[in-house]
Amino acid sequence: MNPPPGLGIVKGLVETARNFVGSFHDPARLTTVQYPDERLPAKENARNFPFLVYDGPDSEKGLRCVACKICEKECPPQCIYIILERDANGKPQKHPRVFDLDISVCMSCQICVEVCPFDAIKMDTDYELSRSDRFGGLLLTKAELAKPNDYYRRIHPTEAQEVDARLEEERARAQAKAKPPAAAAKPAAPAQPAPA
Amino acid sequence: MESLEQIKSWAEAAVPGAGLAIVPNPSPANQPSLLIDPAHAPAVARFLRDDPRLRFDYASNVTGVDWLDTAVKEKVRVKHVLDGVEKEIEETHERKVPGFLEAVYHLYSMALRRGPLVLRQRTGNRLDRVRVASLTPVWRSAEFQEREIYDLYGIVFDGHPDLRRILMWDEFQDHPMRKDYVEPDDYEYEPTPHDEVLAKARRHYPVEAGAA
Amino acid sequence: MNAELSERELISALATGDVAPEGLAAALAFASPEAPAERGAGSAPVLAPPPRGNSDLLEVAMGPHHPSTHGVFRMDVTLDGERVVRLKPVFGYLHRNHEKIAEQTSYLGSMPYTDRLDYFCSLTNNWAYALAVERLAGLAVPERAEYIRVITAELTRLLNHSCLIGFLTHDMGTMGTPLMYAFREREKILDLFEALTGSRMMCNYMRFGGCRAELPPGWLEQTRSLVDEFPRFLDEFENLLSTNEILLARTQGVGVLTRELAVNAGVTGPMTRASGVNYDIRKVDNYGIYGRFPFRVPLGEHGDVYDRYMVRALEMRESIGILHQALRDIPAGPVIDPKAKLRGFRPKPGEAYGRIEAPKGELGFYLISDGSPNPYRYRVRPPSLINLTILEDMCLGHTVADVVVILGAVDIVLGEVDR
């Protein structure tokens, strides 16, 4: 029993009409977000480009990065450039003098975050990053990359909680290890200098 | 699926004079391959495709591989005359293993649901003896893939219906996927932000000796 | 194989086949018909010139700037009036040398590049690469990770097929209506991917030995509600399109591909199933845990564009069935093998070929390892490229308008064709 010709087109038009009329009152049909007046809330796990985390108020002293260069080595497009800080005698300090990240090359793959052993580099969610200079303007230096731990807690609360708990635990363990040797040395002969 | 030795003996029986060898694969993947010589390759391929016990009707993947010239150190006992006395001394000789190019075929059977069977064809060397037989008349799926191997590696496939460059443009010289390919200096170079920025960064932050 | 050989010698032995019998050396010596000395390695054989001098034939280049070629893709079409006499596809405009970059990057570093192969379906690309490396190194994957892989792969299949139908009908002139409906559903699935992996399209989520991160809380419920609502969208879509007379007239009998040619030309995926070849790698290889989910494989009879469209629509319904089962049965546990190493991953020398049923066809990765952190040879077997082999055969005798429709049904993505 053949359907009457044209019925398929009519069925299609009914669907289109349903969507058209529905877009006036059904939120599922009208999916446009009027950016920049409205913005969709970012998902918690979203990632855009990396940033460096520092603890405390000072962005230089509190920087977690120790310039181990693991992220520079593992980055697939090689967009990170690090120079280690050395003091006057040439002894390496655990701090980067230069940490440049070229966001025109970065592909937001998050491998630097995964391999960092010190939780120093994390992914930002900020995507409004227009610059007027295509070459130099897209090279972020250490000053632009360093953001406080409070900012990290705000954009990724669950992750930040977990990282904070882990770092707290490591600090507590390191302190506990430092205390017993100091306590054990005291009952020993007072002529011996106590370990620092 | 039958073992590779069994398939090899069937193929040798069906195509007399074919030089076949098994190349082992030490990884856990358990996919050893069958090396066939280019003179008999189309006949062996047709046998593999049409034999009712095998029915390898689907060539899934054709890959080119570049093996550079290598040197293997071997300990060799050499006779030397020392103070009038002939002695046998063990010396370490470096044997040069010449490099070659290779086309690797992965075959599956859609009819009998089995596979993979891996075939290999090798060229004589990397310079002038680079012709192997094309298996496109046997499996049409090799058409574009053999063209790509010709384009990027330089293996010439005899019997291919339309052998010309596929990914690079027609006037391109040289074969980019070879291990010793060097990009020409005057290549259409566009200063990417990365390079210019790296150069600028290195100018601003002079690298000390032994640092970075 | 002598176990005491060093890695370098193993590779040499692998390369030269040093276990060869005596006959092989003799055979190889006069194996290939030698070229005359004046032919260099790089000279091209002479190609028969196209039929010229016949002023009735018109040569048209469709592309590379073309709204309907699904990317930068060119077809040199020779026309007799409106009928196609000869068609040669030309690509390479998006060649990014992925394979050579992978030889200089570590195995983990190539994973974000695999996202960009078939940029529409990044999670299936990741899975294919992870599968090949796991075969090469002999790694095991925990249960929960396998379930997550199946869930994300089937979601990817849903969004690929719905958007492909949208693009196909857009090429036919519907000016975007089904395309926008498909994209509405795609946005919902991309939101899920963003919550799970951090990125909508370039997910970089699979690792060797499992998945990168645990599911965020509430993700499974969101996915369940999406999967429950998807059949309603599919009904709407089919209502809109499947009995539409214009679609039937434009796609039935167009671009017929016979079963024998499909098998011989290495066509895989919905294209070959539309020609009646029952070959779905999820059923044949049983990779991952697909053996636990009973699902049907839709087959076409005529091998024309309409069959390809219907096979994809029916596959979407089967995917929803798989998703229901996977979401119901997913166990607790780790999402990555605890012994898996991120840094310093050096698989033993050897080679492996791993393949999956990507939404476009068979996506395979062939890896040769020589024991170093970077692969010695890294090859992507792209389904879109192989499916293009018979484009000319399908288009001969059809009109130019049909060429666009046939190309749309082949489902190519230039990122995969050119790598």
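A note on names: the letters A, B, ... follow the listed sequences, proteins ahead of strands, and every chain is numbered from 1. This one's a predicted model, so the numbers in the text were calculated from it and none came from an experiment.
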Donor-acceptor contact below 3.5 Å, side chain Lys100(C) vs main chain Arg178(B): yes
Do Glu148(B) and Arg379(C) sit within salt-bridge range, that is, some charged N less than 4.0 Å from a carboxylate O? yes
Where does Glu99(C) contact chain B at under 4.5 Å (heavy atoms): side chain, backbone, both or neither? both
Flag, side chain of Arg355(C) to backbone of Ser60(B), donor-acceptor distance under 3.5 Å: no
Do you know the tightest heavy-atom contact between Ser27(B) and Gly350(C)? CB-CA, 3.8 Å
Taking Ser141(B), Ala133(B), Ala59(B) one by one, which has the highest count of heavy-atom pairs under 4.5 Å against chain C? Ser141(B)
Please classify the contact between Ile386(C) and chain B as side chain, backbone, both or neither, with a heavy-atom cut-off of under 4.5 Å. side chain
Under 4.5 Å from any heavy atom of chain B, what part of Glu134(C) do you find: side chain, backbone, both or neither? neither
Is any side-chain heavy atom of Val284(C) less than 4.5 Å from a side-chain heavy atom of Tyr108(B)? no
Identify which part of Val138(B) has an atom lying under 4.5 Å from any heavy atom of chain C, answering side chain, backbone, both or neither. backbone
Passes ring-ring contact (aromatic ring centres under 6.0 Å, His included), Tyr93(C) versus Trp169(B)? Steps please. CA-CA 9 Å; Tyr93(C) 294 94; Trp169(B) 58 97; over 10 Å; no
Take atom NZ in Lys348(C); do more than 12 heavy atoms of anything else shown fall under 6.0 Å from it? no
Donor-acceptor contact present, side-chain Asn61(B) to main-chain Arg381(C), <3.5 Å: no
Side chains of Arg377(C) and Asp66(B) in contact at under 4.5 Å (non-hydrogen atoms): no
Residue, of Val417(C), Asn387(C), Leu385(C), that accumulates the most heavy atom pairs under 4.5 Å with chain B: Leu385(C)
Can you tell which part of Val90(C) gets under 4.5 Å to a heavy atom of chain B, answering side chain, backbone, both or neither? neither
Ranked by heavy-atom pairs below 4.5 Å to chain C, first place among Asn30(B), Asp170(B), Val62(B) goes to Val62(B)
Where do Pro28(B) and Ala137(C) come nearest, in terms of heavy atoms and distance? CG-C, 3.8 Å
With respect to chain C, which residue among Lys179(B), Arg114(B), Arg49(B) yields the maximal number of heavy-atom pairs within a distance under 4.5 Å? Lys179(B)
Could you tell me whether Arg113(B) sits above the aromatic face of Tyr279(C), with NZ or CZ closer than 6.0 angstrom to the six-membered ring centre and within 45 degrees of the axis? no
Chain B contacts, top residue of Thr272(C), Ile390(C), Asn278(C) (heavy-atom pairs, under 4.5 Å): Asn278(C)
Atom CZ in Phe91(C), atom CD1 in Ile166(B): separation rounded to 0.5 Å? 3.5 Å
Between Phe56(B) and chain C, which part of the residue has a heavy atom less than 4.5 Å away: side chain, backbone, both or neither? neither
Winner by heavy-atom pair count (cut-off under 4.5 Å) against chain C, out of Gly64(B), Gly99(B), Ser33(B): Gly64(B)
If I take atom CG from residue Asn97(C) and atom CG from residue Leu152(B), how far apart are they, to the nearest 0.5 angstrom? 7.5 Å
Test: Glu260(C) and Arg140(B) ion pair at under 4.0 Å: no
Taking all heavy atoms of Pro89(C) and all of Phe144(B), pick out the closest pair and write down the distance. CG-CZ, 3.8 Å
Give, as side chain, backbone, both or neither, the part of Pro32(B) having an atom under 4.5 angstrom from any heavy atom of chain C. neither
pair Asp57(B)-Asn264(C): side-chain heavy atoms closer than 4.5 Å: no
Smallest heavy-atom separation, Val104(B) atom then Tyr366(C) atom, equals CG1-OH, 3.6 Å
Structural part of Glu143(B) lying under 4.5 Å from a heavy atom of chain C: side chain
State, yes or no, whether a side-chain contact exists between His95(C) and Met168(B) at a heavy-atom distance under 4.5 Å. yes
Indicate yes or no: at least one non-hydrogen side-chain atom of Val118(B) is less than 4.5 angstrom from one of Tyr353(C). no
Under 4.5 Å heavy-atom distance to chain B, tell me which part of Ala132(C) shows up: side chain, backbone, both or neither. neither
Residue selection (most heavy-atom pairs with chain B, distance under 4.5 Å) from Gly266(C), Gly364(C), Pro382(C): Gly266(C)
Given a strict heavy-atom distance threshold of 4.5 Å, which part of Leu388(C) is in contact with chain B: side chain, backbone, both, or neither? both
